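Below, read A as the first sequence line, B as the second, and so on, with proteins coming before strands; counting in each chain starts at 1. Everything numeric in this text was worked out from a predicted model, so none of it was measured.
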Amino acid sequence: MSKMHVKLTVNGQEVEGLAEPRTLLIHFLRENLNITGPHIGCETSHCGACTVDMNGKSVKSCTLFVAQANGADVTTVEGLVNEDGSLGVIQEMFREHHGLQCGFCTPGMITRAHRLLQENPAPTEEEVRFGMAGNLCRCTGYQNIVKAILASADALNAQKEAAE
Amino acid sequence: MKDEITPEDRVANLKGMGSSRKRVEDVRFTQGKGNYVDDIKLDGMLFGDFVRSPYAHARVKSVNKEAALAVPGVLAVLTAEDLEPLGLHWMPTLAGDKQMVLADGKVLFQGQEVAYVVATDRYAAADGVEAVVVEYEELPVVVDPFKALEPDAPILREDIKDRTEGAHGPVRHNNHIFTWEQGDKDATEAALAEADVVAEEMIYYHRTHPCPLETCGCVASMDKVTGKLTLWGTFQAPHAIRTVVSLISGIAEHNIRVISPDIGGGFGNKVGAYAGYVCSVVASIVTGKPVKWVEDRMENLMSTAFARDYWMKGRIAATKEGKITGLWCHTTADHGGFDACADPTKFPAGFMNICTGSYDIPTAYLAVDGVYTNKAPGGVAYRCSFRVTEAAYFIERMIEVLAIKLNMDAAELRRINFIRKDQFPYQSALGWEYDSGDYHTAWEKALDAVGYDALRAEQAQRLEDFKAGKTRKLIGIGLTHFTEIVGAGPVKNCDILGLGMFDSCEIRIHPTGSAIARLGTISQGQGHATTFAQIIASEIGLPADDITLEEGDTDTAPYGLGTYGSRSTPVAGAATAMAARKIRAKAQMIAAYLLEVHDDDVEWDVDRFAVKGAPERFKTMKEIAFAAYNQAIPGLEPGLEAVSYYDPPNMTYPFGAYICVMEIDVDTGETEVRSFYALDDCGTRINPMIIDGQIHGGATEGYAIAMGQEIAYDEMGNNKSATLMDFFLPTAWETPTYTTDFTVTPSPHHPIGAKGVGESPNVGSVPCFSNAVHDAFRPFGLVQSHMPHDHWRIWKIARDLGLHG
């Protein structure tokens, strides 16, 4: 199958490559770019393990062609670490509050939480539960994920206040 | 030497047992740096993909590969014919049966593997799958296990037809796999005949699936130069896989290296051996290149490892005061097209004979009939120890059914039948020796915690309001007291395919006082790297943060039977403590030498040996480690390491008391779990944070199973639930919030008293949710309604009871 040229920004870096028109964004990230944080859990947009951030929106990269991401700005969980390599706030809070077990849903969860807290910087528990409903976890029962995201909101808001 | 820090500080520094130590795994998982099987990438790696049967029962007339082989990138298409010369077209199952690797003349379930396409990338492999042309001739389909046993039922397994003896004794029908009997039939029937009261009910625990978020997969790489096969995969039992691969392939075991990398949840799905593993190994041998196979979600739900599907007919006898005098159970077990249940060899229905539960039942009888149908094979322990969840569901429903018959409160009925604390170790009527328990204490603590009497009063008021037309919502109070049997198990009666179910740990202390430990188990999210280091820290006094944990590489880890059936802590955890104690024993001799006193004159104190009566004279474990390597000590070999292979003397018996309060809308069937209280007693607690996490997760799986999750088939054998659109996995939105609690009754035979906890919440929560639904409708005459209790089924209960006006 003939290949097309795609160019996008992933975690702040411009990348380009050749891909079949049918190539899914998740496969381009994982196989062409070796960005293996986003995972494949269902291929039907239900589980959210493949969630990445694209042009300021959470998207499920298993049901998006890389062609649709041509020219886009994409962030994956790898892009959420601090510049010095330490864990970002949400990553740290997931660790602190035991918001993960097997770790397979975690990159999608954290990437979605990152966007959710930009959409709504001070969510209630109910808003977090609703806002995270596109991401499935089989291990944690969500209780500690919710706790981690609420704690992240507090920490991020405190950071913001300190900066102002 | 002067010591400024207090003994309490020294204990805290270790982050040993009892500490809610943060998980060491999380640093890599939270930044997407886990290494799961699909993350593995090797030079020249090929991809395998299956052609699967659309029919549940059909003859395979022909497989035409021609068009597939013409697809760009497709290198090979394997069929049973290609595997036959290698003797690999069938493989042994864990249950003493055999299973087709690729369809050998016929297919027995929808989704069965028919051909394996090998291609340069996953897209080409998928193209190849589309291009393979298979000609089928449909055969009559049997999806009902009772119909499968009728005299004129179609013969499913023609390969073994007319046999009279199966892997587990005599068989009486071509579709009959085994009958397994336990207990005293005559005495039980006599107890039933003489009883004041007998309650009888059919309890169905429907077919479901563990559905870990990561599906099953592997990468097989045969190095033709060295003759060594490396197999990475989602294996819950890597060592057992190595032995099985060696036995069926003929490759010497030292030339096979099996590696379980990070595993994205298992829950029993990743215990078995699947066609994908065999085909990938063959493809790598044939092509000389690494071959990756990862199933998609639909393949996962259709073909690898269903769970449950037990029809449990029960009779329970009692005095009119409610004292249970006998329990009878006949189970019809639907095993699908091949008997691939993952149970210890001597237990074809697993530990279903724990079905007397938490109760002192003087006589009992259990018979289980295994049956072939045109459904997927499996029968795995979905987050439970070998059919324990079926057993717990059965007895906890039967108790409720009996309470209705006796017109008694179900909490009181449990109370008067619990095994008393002074009866442990307790010999059950179905053959187990329960190690320890204090059920009454746990039960009263749970009832107090939820304010049981006030809840019942509120429920009664709600019922009155409902009858008066003031509300359309009822309250259900779900009660459960479960007893598990986990930690398989004693080699004398527990093996899988002849492999004894001991487990192992090897610990090496480095000269500077840090350590590495390797185990025969493999974490799939349980946090072994965190918790096993805590056991070692407490036992030998080195900080958990200075101890590396490794599992899953058969070239480096000691042999063990893996992680499932809540066996890691009971078995490998015991091995860990025993290996650590061997190290401590040698350390004692070294310390005594360094302190110039007799071995018996030093005593252990948190992280050091000190001279008895002179605590200021001591050697820390760190100092001892350095000396062990670098000081010539008369009569002692250099070094400080130990290995332990632990064969447990008994299983462990964790238990718990769960109470759920549910609001049920009679008109829509919608439910809302208002509260869920879970008290667990898993003996000694290693990491309370991780225990709580396990309870939250297991209870959520139980919530799914009880309230909507199901592998459903139509009468043609079509799987109606093969995507996450149809197969219910709860989201954060509907998942309840849990309150956890505990009591501690250590196991008397386990070195640290731990019993295991990971599976308790799945075992305990399913009957708890289900009992809540039943309880809400009890005043209107509901006795039994099968799970899953989705909105439609609950709406139907209300309709059938005439509650829709």
Looking at the rings of B:Y123 and A:H27, which for Trp means the six-membered one, are their centres under 6.0 Å apart? yes
Just wondering, more than 12 heavy atoms not from A:K7 lying within 6.0 Å of its NZ?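 No, because the 6.0 Å sphere around NZ of A:K7 holds 12 heavy atoms or fewer from other groups.
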Assess whether atom CG of A:N34 is packed by more than 12 heavy atoms of other residues, nucleotides or ligands within 6.0 Å. yes
Residue pair A:A49 / B:L213: nearest heavy atoms and the distance that separates them: CB-CD2, 4.3 Å
Minimum heavy-atom distance B:D39-A:R30, with the two atoms named: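 Smallest interatomic distance, heavy atoms only, reads OD1-NH2, 2.7 Å.
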Is there a side-chain contact between [X] and [Y] in this structure, where contact means two heavy atoms from C-beta onward sitting under 4.5 Å apart?
{"X": "B:W733", "Y": "A:E126", "answer": "yes"}
{"X": "B:M689", "Y": "A:H97", "answer": "no"}
{"X": "B:E734", "Y": "A:R129", "answer": "no"}
{"X": "A:V77", "Y": "B:Q31", "answer": "no"}
{"X": "B:R23", "Y": "A:L100", "answer": "yes"}
{"X": "A:H39", "Y": "B:D38", "answer": "no"}
{"X": "A:F104", "Y": "B:P212", "answer": "no"}
{"X": "A:R138", "Y": "B:C211", "answer": "yes"}

When heavy-atom pairs shorter than 4.5 Å are enumerated against chain A, which of B:Q524, B:K41, B:M298 gives the highest number?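 Heavy-atom pair counts peak at B:K41.
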Between [X] (side chain only) and [Y] (backbone N and O only), is there a donor and an acceptor less than 3.5 Å apart?
{"X": "B:Y36", "Y": "A:G103", "value": "yes"}
{"X": "A:R95", "Y": "B:T30", "value": "no"}
{"X": "A:Y142", "Y": "B:P730", "value": "yes"}

Go through B:L724 and A:C47 one step at a time and tell me if the side-chain contact (heavy atoms from CB on, under 4.5 Å) criterion holds. CA-CA 8 Å; B:L724 297 190; A:C47 83; 4.0 Å; yes
With rounding to the nearest 0.5 Å, note down the distance linking NE2 in A:H98 to CG in B:N687.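 Answer for the NE2-CG pair, A:H98 versus B:N687, is 7.5 Å.
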Check A:E31 with B:R122, please: is the shortest side-chain N to carboxylate O separation under 4.0 Å?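 Here B:R122 pairs with A:E31 in a salt bridge, since their nearest N and O are under 4.0 Å apart.
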